[in-house]
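This report refers to the structure that appears directly beneath it.
Atom set for the values below is all heavy atoms of this structure, side chains included, hydrogens, waters and symmetry mates excluded. Chain letters run A, B, ... following the sequence lines, proteins first, then strands; residues in each count from 1.
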Amino acid sequence: MKGVTPMENEKYLHAMRHSLAHIMASAVKRLWPEAKFGVGPVIDDGFYYDIDLGQSLSPEDFAKIEAEMRTIITEDQPFERFEKPIDEAIVWATEAKQPYKLELLNDLKRAGTTSAKDLDAEELGIPSDESKVENVSFYRNGDFTDLCRGPHVESTGKVGAFKLMKVAGAYWRGKEGNPQMQRLYGAAFATEKELRQHLAMLEEAKKRDHRKLGQELDLFTFSDLVGPGLPMYTPRGTVIIEEIKNALRQISKEFDMQLVSIPHLAKIDLYKTSGHADKFSEELFTVKSHYDQEFVLKPVNCPHHTQIYASRPRSYRDLPLRYIEQTMQYRDEKPGQIGGLQRTRGFTVDDGHTFCRVDQIDQEASMLVEVIQQFYENLGLWGKHWVSFSVRDPKNPAAYIGDPSDWERAEAMLAEVSERYHLNAKRMEGEAAIYGPKLDFMFQDALGRETQLATVQLDFAMPKRFGLTYTDESGESQPPVMIHRAILGSFERFIMLLIEHFAGKFPLWLAPEQLRIITVNQTEEIAGMAAQLKTKAKELDIRVLVDNDNESVGKKIRTTELMKVPYVVVLGEKEVESGKLTPRIRKDLSTREEAQSYTVEEFLGTLANEAKSRVTKTSL
RNA sequence: GCCACCUUAGCUCAGUUGGUAGAGCAGCGGUUUUGUAAACCGCAGGUCGUCGGUUCGAGCCCGACAGGUGGCUCCA
């Protein structure tokens, strides 16, 4: 693409990908004349088209479809644009036996404008403003005609490199009750080279998949006997969890947060009061007592925390009260949702609830945003995220609890905090929690899938439902406000993100094993020095292992490389004689070109120091 | 939950048109005593995810279930 501006290139990519969606649809139509089409938009790396064939497609059909697409590309059919009044378009959709297009057109006619967001404006031949719809546009290539706003490339021969990637079920218009269509995905780029690079990038991403690394680095495991969605951490994985817990506890202390502790189940009545039982009944694990009571495993911790608040009278002078804990919660997720550490049935959260006065909301929410920002900055993750300002769906008020006026106030306050900290938050309607608006901090996994970690949620509703109060300056009883918050969200997701972010090469303070001592041979002197070194390292809280196996040094080094151990020292005659060590440092940690020698004390002292510089010390 | 695909040793994978299972690594034993990414020899390890069906005969064909993967939907 010589002499083409990035903007023009972007436009071409979009038009070309969209054209490929049409070409794919044409090919499918030739192969299966009965095919009914849904929508076929452009996505980040290519395009897809939703198709109802009355039968399932499988990857085995890809070769056939791709071959047909190449035929159409060789035919170099021009893309012709034309317009029809909406009523004629409806006649067209009826005659062409395209019920999905017909539904879109009918909805469009009824709505009258493009303002209704779920009308897939891009798919329809309509302008993207609020103007009255009169005409809709079509594009035709060969004998295939599709409702479409365009633009397209001139002809089918003008598209770039593509590859059909996958097929998946997708509900028509994203609604679970609707028929399921086949969504055919394709990757497309301007050149073969870019396509190859993209495919290579996907292969690379798979290598840092936390499920693969979790197995290779011996961090966590699943068992069919224990059950799906129930991860277990090995000793190595648990080290990481514990280090993070320690860091969080350190932060908590510095910000006057108080650790609390609650049991993992409660009577269902607790969640009837909170409102969770109604909205999330399907996801509750129920536990039957022998004595006529029904319990549920806690799916959240806020109701328990309200009962700690309620355990004694509170004064305005007591507030804010910041309860936090690191605890496991349980949700009976649908089998199809579970996967790796991204969504599990039991997961540990760093949950916290601040009870405060309305005039303290700003300060409390601001503090949390600051803590979150610092925490992620220090792990190098800040900037790899976006913030969702999640508010109510105005069309579905029944999905929420609490007064509308409280909601408005809460939304305004959070918006202000978000503004002040330049969070660049995207307003997401319908993404709020049942009890209030929230700021969600979203991150991407190795394969580009989004996941929510940190969150700050305002809640005027739940304290009222539990009848929580404090006594204000004039002796009046007032409901407190609750702020639900998490810094890392769930440990499972957070660990997933860390594994993939570092590709398993954890910073020293998180590394399950910080130092490995390798012996050159099994003589007594060397083994003795190894044992001594290990003892000294352990005294300094360095996580250390000795490899005194009867194997070559090369082999032992290779093992430490594969396990991504940060520091390795080899002990042989040389070291025994000189008493000096020449550490081998994992590449990403080493700033020096050449290996340097240290006395045992120097080396261990430096290492112990570096290992302490965890996220809290530098930041908070 | 829905659609598609996958499941062979602890791990990564072979396994011809259906004729009764193989490799490398890891493990264990021995030889070797090793200097910065894989020493050598041997041994052991599998009701081919489970159950049922077709067949003279099933790792291979069919079905159900379980588990996993990619999406969709959901996510307090």
Side-chain angles (χ1 to χ4, degrees), chain A residues 48 50 52 55-61 165-185 206 209 211-212 215-216 218 221-225 227-229 271 274-280 282-284 298-303 329 331-340 342-343 347 349 351 390 399-401 431-436 438 440 447 449 451-452 455 457 459 462 484 486 489-490 493 518-523 526 548-563 568-575 582-585 595:
Chain A
Y48 71 75
D50 283 348
D52 179 355
Q55 66 166 79
S56 291
L57 276 175
S58 85
E60 287 165 27
D61 300 310
M165 299 296 286
K166 55 195 175 194
V167 58
Y171 299 107
W172 166 236
R173 304 184 87 172
K175 297 215 177 71
E176 204 168 351
N178 283 346
Q180 197 160 41
M181 310 181 74
Q182 310 294 314
R183 179 168 296 177
L184 261 173
Y185 287 90
K206 273 190 205 158
D209 187 313
R211 289 164 298 197
K212 183 172 151 66
Q215 152 72 21
E216 288 172 0
D218 189 19
T221 188
F222 291 90
S223 151
D224 282 359
L225 274 177
Y271 302 102
S274 71
H276 290 100
D278 268 351
K279 183 151 185 206
F280 300 105
E282 306 254 299
E283 283 80 32
L284 294 179
K298 66 182 166 80
V300 288
N301 306 299
C302 26
Q329 55 192 40
R331 296 177 186 178
D332 196 5
E333 300 285 356
K334 296 177 189 169
Q337 324 285 28
I338 293 169
Q342 144 67 26
R343 188 86 75 95
F347 57 102
V349 289
D351 206 1
S390 307
Y400 309 95
I401 59 176
E431 296 292 318
I434 45 172
Y435 44 72
K438 48 184 186 156
D440 289 327
L447 298 170
R449 292 173 295 201
T451 204
Q452 177 211 311
T455 186
Q457 316 180 348
D459 179 2
M462 206 180 290
H484 308 241
S490 96
R493 279 185 188 176
I518 288 177
T519 57
V520 172
N521 59 43
Q522 281 68 55
T523 59
I526 293 171
N548 192 32
D549 284 358
N550 181 4
E551 293 285 354
S552 69
V553 172
K555 169 90 169 271
K556 294 183 187 180
I557 292 284
R558 180 180 148 81
T559 308
T560 65
E561 288 282 344
L562 293 175
M563 293 304 282
V568 179
V569 292
V570 176
L571 297 187
E573 307 294 337
K574 235 169 30 192
E575 285 73 20
T582 312
R584 182 190 165 96
I585 306 169

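At the phosphate of B:A39, OP1 or OP2 sits under 4.0 Å from a side-chain N or O atom of A:S552. OP1 or OP2 of B:A4 has at least one side-chain nitrogen or oxygen of A:S56 nearer than 4.0 Å.
Taking atom CD on A:E573 and atom C1' on B:G35, their separation rounds to 10 Å, with Å as the unit. Atoms CD (A:E216) and P (B:C11) sit 12 Å apart, rounded to a whole Å. Residue A:E561 contributes atom CD, which lies 7 Å from atom P of B:A37 at whole-angstrom precision. A:E575 places its CD atom 12 Å from the P atom of B:U36, with the value rounded to the nearest Å. Distance, A:E60 CD to B:C5 P: 7 Å, rounded to whole Å. Between A:L571 atom CG and B:U36 atom P the separation is 15 Å, expressed in whole Å. Distance A:I557 CD1 to B:A39 P: 12 Å, rounded to the nearest Å.
Every residue was checked against the salt bridge (Lys or Arg N to Asp or Glu O under 4.0 Å) condition with A:K574, not counting sequence neighbours, and none meets it. Residues passing the ring-ring contact (aromatic ring centres under 6.0 Å, His included) test with A:Y185 are A:Y48, sequence neighbours excluded.
Heavy atoms only, all atoms of each residue included: A:V349 and A:Q329 are closest at CG2-OE1, 3.4 Å. The minimum heavy-atom distance between A:S274 and A:P303, with the atom names listed, is CB-CG, 3.8 Å. The two residues A:L57 and A:Q182 come nearest to each other via the heavy atoms N-OE1, 3.5 Å. Across all non-hydrogen atoms, the minimal contact from A:S490 to A:F347 is CB-CD1, 3.6 Å. Scanning all heavy atoms of the two residues, the minimum distance from A:Q342 to A:T451 falls at OE1-OG1, 2.8 Å. Counting all heavy atoms, side chain and backbone alike, A:Q457 lies closest to A:A433 at OE1-CB, 4.2 Å.
Using a cutoff of 4.0 Å between basic side-chain nitrogens and carboxylate oxygens, A:E551 and A:R558 are not scored as salt-bridged.
Here the side chain of A:E575 pairs a donor or acceptor atom with the backbone of A:G572 at under 3.5 angstrom. For A:R331 (side chain) and A:P299 (main-chain N/O), a donor-acceptor pair under 3.5 Å exists by modelled atom type. No donor-acceptor distance shorter than 3.5 angstrom exists from the side chain of A:E176 to the backbone of A:Y171, with no hydrogens or angles considered.
The gap from the P atom of B:C41 to that of B:U32 amounts to 15 Å, rounded to the nearest Å. One C1' atom belongs to B:C13, the other to B:A26, and the distance between them is 14 Å to the nearest Å. Straight-line distance between the C1' atoms of B:C60 and B:U20: roughly 12 Å, to the nearest whole Å. Using atom P as the reference point in both B:G46 and B:C2, the two lie 36 Å apart (nearest Å). Spacing of P atoms, B:C75 relative to B:A14, comes out at 40 Å, to the nearest Å. On the P atoms, B:C48 is 10 Å away from B:A21, given to the nearest whole Å. Separation of the C1' atoms belonging to B:G18 and B:C3 is 31 Å when rounded to the nearest angstrom. A gap of 15 Å separates the P atoms of B:U54 and B:G63, to the nearest Å.
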Which letter, B, S or -, goes with each nucleotide of nucleotides 23-30 of chain B from 5' to 3', with contact meaning a protein heavy atom under 4.0 Å? ---S----
What string of B, S and - do you get for nucleotides 67-76 of chain B, 5' to 3', when a contact is any protein heavy atom under 4.0 Å? SSSBBBBBBB
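Counting only Watson-Crick or G-U wobble pairs whose defining distances are both under 3.5 Å, the stems of 3 or more consecutive pairs in RNA chain B are B:1-7 with B:66-72, B:10-13 with B:22-25, B:27-31 with B:39-43, B:49-53 with B:61-65.
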Dump the pairs, protein N or O against N or O of nucleotides 42-52 of chain B, anything under 3.5 Å, distances to one decimal.
none

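Relative ring orientation between A:H276 and A:Y435 is described as perpendicular, the plane-to-plane angle rising above 60° on a 0-90° scale split at 30° and 60°.
The number of heavy-atom neighbours closer than 6.0 Å to CD of A:Q55, taken from other residues, nucleotides and ligands shown, is above 12.
Using a 4.5 Å cut-off on side-chain heavy atoms (C-beta onward), A:R343 and A:R493 make contact. Contact annotation: the side chain of A:V570 never approaches that of A:R584 to less than 4.5 Å [non-hydrogen atoms, C-beta and beyond].
Nucleic acid contact class of A:I518 (heavy atoms, under 4.0 Å, all strands): none. Backbone-only engagement by A:G554 is indicated by non-hydrogen atom pairs under 4.0 Å involving sugar-phosphate atoms exclusively. Using a 4.0 Å heavy-atom cutoff across all strands shown, A:K556 reaches no nucleic acid atom at all.
Ranked by how close their nearest RNA chain B nucleotide is to the 5' end, A:T523 and A:M181 are led by A:M181. Checking A:Q215 against A:T559, the closest nucleotide of RNA chain B that is more toward the 5' end is the one next to A:Q215.
Ranking B:U36, B:A38, B:A4 by closeness to the A:R584 side chain, first place goes to B:U36.
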